[in-house]
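Below is one structure, written out as structure tokens, with a few remarks after it.
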Amino acid sequence: MTDAAALPGQPRGAVAGPATARAVNVLAPNPSAMTLDGTNTWLVAEPGSDLAVVIDPGPLDEGHLRAVVATAEAAGRRIGLTLLTHGHADHAEGAARFAELTGTRVRALDPALRLGDEGLGAGDVVTTGGLELRVVPTPGHTSDSLSFHLPADRAVLTGDTVLGRGTTMVAHPDGRLGEYLDSLRRLHSLTTDDGVSTVLPGHGPVLDDAQGALEFYLAHRSARLDQVRAAVEAGVTEPGEVVALVYAAVDRSLWPAAELSVRAQLEYLLGG
């Protein structure tokens, strides 16, 4: 068995429960090869405050949504605001129902996902109950992907841009590799310039070495791109064939997702 401390990003053993002084993960019951243990719904609040922010209510699962509310109430808090990292159903499908349960607005980059007048964009700072969350645009996995910098805990909530185990896909055609690489560099700069040390991902365990995780992601993407480039130079350009060649060691159930990333890589290399 490999020591977790030796793995990229130093993932913790546990997934659900308290993660930092301000963040608690309520794990959604939707585990799969794509969602890992399930969707991490983050309940974030300033110590001593009676208001909490929820990031990614998750799938439309009544039991899960009520569990998030119950977790807040058990800590003497009510939900003051709901935020979305992006619009994929495993993160956002339950948002409208959660808003009904809590009476909250839903803020997101994509206007189609918002409930209320306020969206989210670069440079925005969310302040609820004394909590400070800084909005960090991180497109690439999807065009509407956002991360949230939690400076008081030296943490960043990354949605699907960085996962607690493995790597994420670039969801072509909405996701674009060039934007994703820029987003990884932007997150890496938070570790060098702003002291971020912890990744609170959308799936999988917390990562206690944010800088190591981002460096691993960047190196992994560079290596994959080199493999796809070599395939193209050898005349293999059909996405399914590239997947079979480059992702041969990956579980075949993940090949459809890998093909989306390959399409994004081919577009990046061929300038399409």
Side-chain angles (χ1 to χ4, degrees), residues 2 6-11 32-36 85-88 90-91 109 122 136-147 156 158-193 196 199 201-204 207 209-272:
T2 303
L7 297 174
Q10 296 180 14
S32 71
M34 288 291 293
T35 62
L36 304 180
T85 62
H86 66 296
H88 279 167
D90 57 315
H91 294 257
L109 178 61
V136 183
T138 47
H141 170 67
T142 61
S143 62
D144 68 331
S145 287
L146 299 172
S147 296
V156 61
T158 56
D160 281 357
T161 300
V162 176
L163 305 180
R165 285 198 307 275
T167 56
T168 196
M169 69 171 178
V170 178
H172 184 272
D174 182 49
R176 300 176 68 89
L177 181 59
E179 290 182 343
Y180 185 64
L181 293 173
D182 287 342
S183 293
L184 292 179
R185 296 183 189 107
R186 188 173 301 120
L187 290 173
H188 186 269
S189 74
L190 291 180
T191 72
T192 58
D193 300 341
V196 166
V199 172
H203 301 280
L207 300 176
D209 177 14
Q211 187 171 115
L214 268 302
E215 289 172 353
F216 167 75
Y217 261 65
L218 286 163
H220 170 79
R221 283 294 164 191
S222 178
R224 280 289 192 226
L225 197 58
D226 284 345
Q227 290 174 313
V228 173
R229 184 183 290 109
V232 169
E233 290 173 352
V236 181
T237 58
E238 195 281 319
E241 294 178 355
V242 176
V243 170
L245 180 65
V246 173
Y247 291 80
V250 174
D251 188 321
R252 281 178 174 257
S253 69
L254 296 175
W255 279 18
E259 183 170 327
L260 296 181
S261 287
V262 164
R263 289 180 181 274
Q265 290 164 330
L266 290 171
E267 178 185 68
Y268 181 83
L269 288 172
L270 301 175

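Counting begins at 1 with the first residue of the sequence.
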Worked verdict on T138 versus L184 for side chain to side chain contact (heavy atoms under 4.5 Å, CB included): CA-CA 8 Å; T138 47; L184 292 179; over 6 Å; no

Contacts of R263 that satisfy salt bridge (Lys or Arg N to Asp or Glu O under 4.0 Å) - sequence neighbours left out: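 Testing R263 for salt bridge (Lys or Arg N to Asp or Glu O under 4.0 Å), a comparison that skips the adjacent residues, returns E259.
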
E179: salt bridge (Lys or Arg N to Asp or Glu O under 4.0 Å) partners, not counting sequence neighbours: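 In terms of salt bridge (Lys or Arg N to Asp or Glu O under 4.0 Å), with neighbours along the sequence ignored, E179 is linked to no residue.
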
For V262, the option from L245, V246, V242 that meets side chain to side chain contact (heavy atoms under 4.5 Å, CB included):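 The single option meeting the side chain to side chain contact (heavy atoms under 4.5 Å, CB included) with V262 is V242.
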
Taking the side chain as C-beta and beyond, is there a heavy-atom pair between [X] and [Y] under 4.5 Å?
X	Y	result
M34	M169	yes
L207	V162	yes
R221	L218	no
H86	D160	yes
T85	S147	no
V170	R176	no

Flag for H188-E215: side-chain donor and acceptor within less than 3.5 Å: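 Side-chain D/A pair, E215 to H188: present.
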
Distance-only donor-acceptor check, side chains S143 and D174, under 3.5 Å: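 On atom types as modelled, these side chains qualify, holding a pair under 3.5 Å.
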
Can you see which heavy atom on [X] is nearest to which on [Y], and at what distance?
X	Y	answer
G164	P11	O-CB, 3.9 Å
A210	V196	CB-O, 3.9 Å
P137	S183	O-OG, 4.3 Å
P239	L266	CG-CD1, 4.0 Å

Tell me whether [X] contacts the main-chain N or O of [Y] through its side chain, where contact means a donor paired with an acceptor under 3.5 Å.
X	Y	value
H141	A171	no
W255	A248	no
T158	T161	no
D90	T35	no

From Q265 atom CD to L260 atom CG, the distance as rounded to the nearest 0.5 Å: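 It comes to 11.0 Å.
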
T191 OG1 to L214 CG distance, which is reported to the nearest 0.5 Å: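 Between atom OG1 of T191 and atom CG of L214 there are 6.0 Å.
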
Sequence-distant partners of H203, ring pair (Phe, Tyr, Trp, His ring centres under 6.0 Å), two or more places apart: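 Counting only residues at least two positions away or on another chain, H203 forms a ring pair (Phe, Tyr, Trp, His ring centres under 6.0 Å) with H91.
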
Aromatic ring pairing Y217/Y180, orientation class (parallel under 30°, perpendicular over 60°, tilted between):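 Rings of Y217 and Y180: tilted, as their planes differ by 30° to 60°.
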
Residues forming a side chain to side chain donor-acceptor pair (under 3.5 Å) with D251, sequence neighbours excluded: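 Counting only residues at least two positions away or on another chain, D251 forms a side chain to side chain donor-acceptor pair (under 3.5 Å) with S253.
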
With sequence neighbours excluded, residues passing side chain to side chain donor-acceptor pair (under 3.5 Å) with S145: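 Residues passing side chain to side chain donor-acceptor pair (under 3.5 Å) with S145: T142.
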
Without placing hydrogens or testing angles, list every side-chain donor-acceptor pair under 3.5 Å for residues 227-238, not counting sequence neighbours.
unit_1: Q227; atom_1: OE1; unit_2: R224; atom_2: NH1; d: 3.0
unit_1: R229; atom_1: NH1; unit_2: D226; atom_2: OD1; d: 2.7
unit_1: E238; atom_1: OE1; unit_2: G240; atom_2: N; d: 2.9
unit_1: E238; atom_1: OE1; unit_2: E241; atom_2: N; d: 2.9
unit_1: E238; atom_1: OE2; unit_2: G240; atom_2: N; d: 3.3

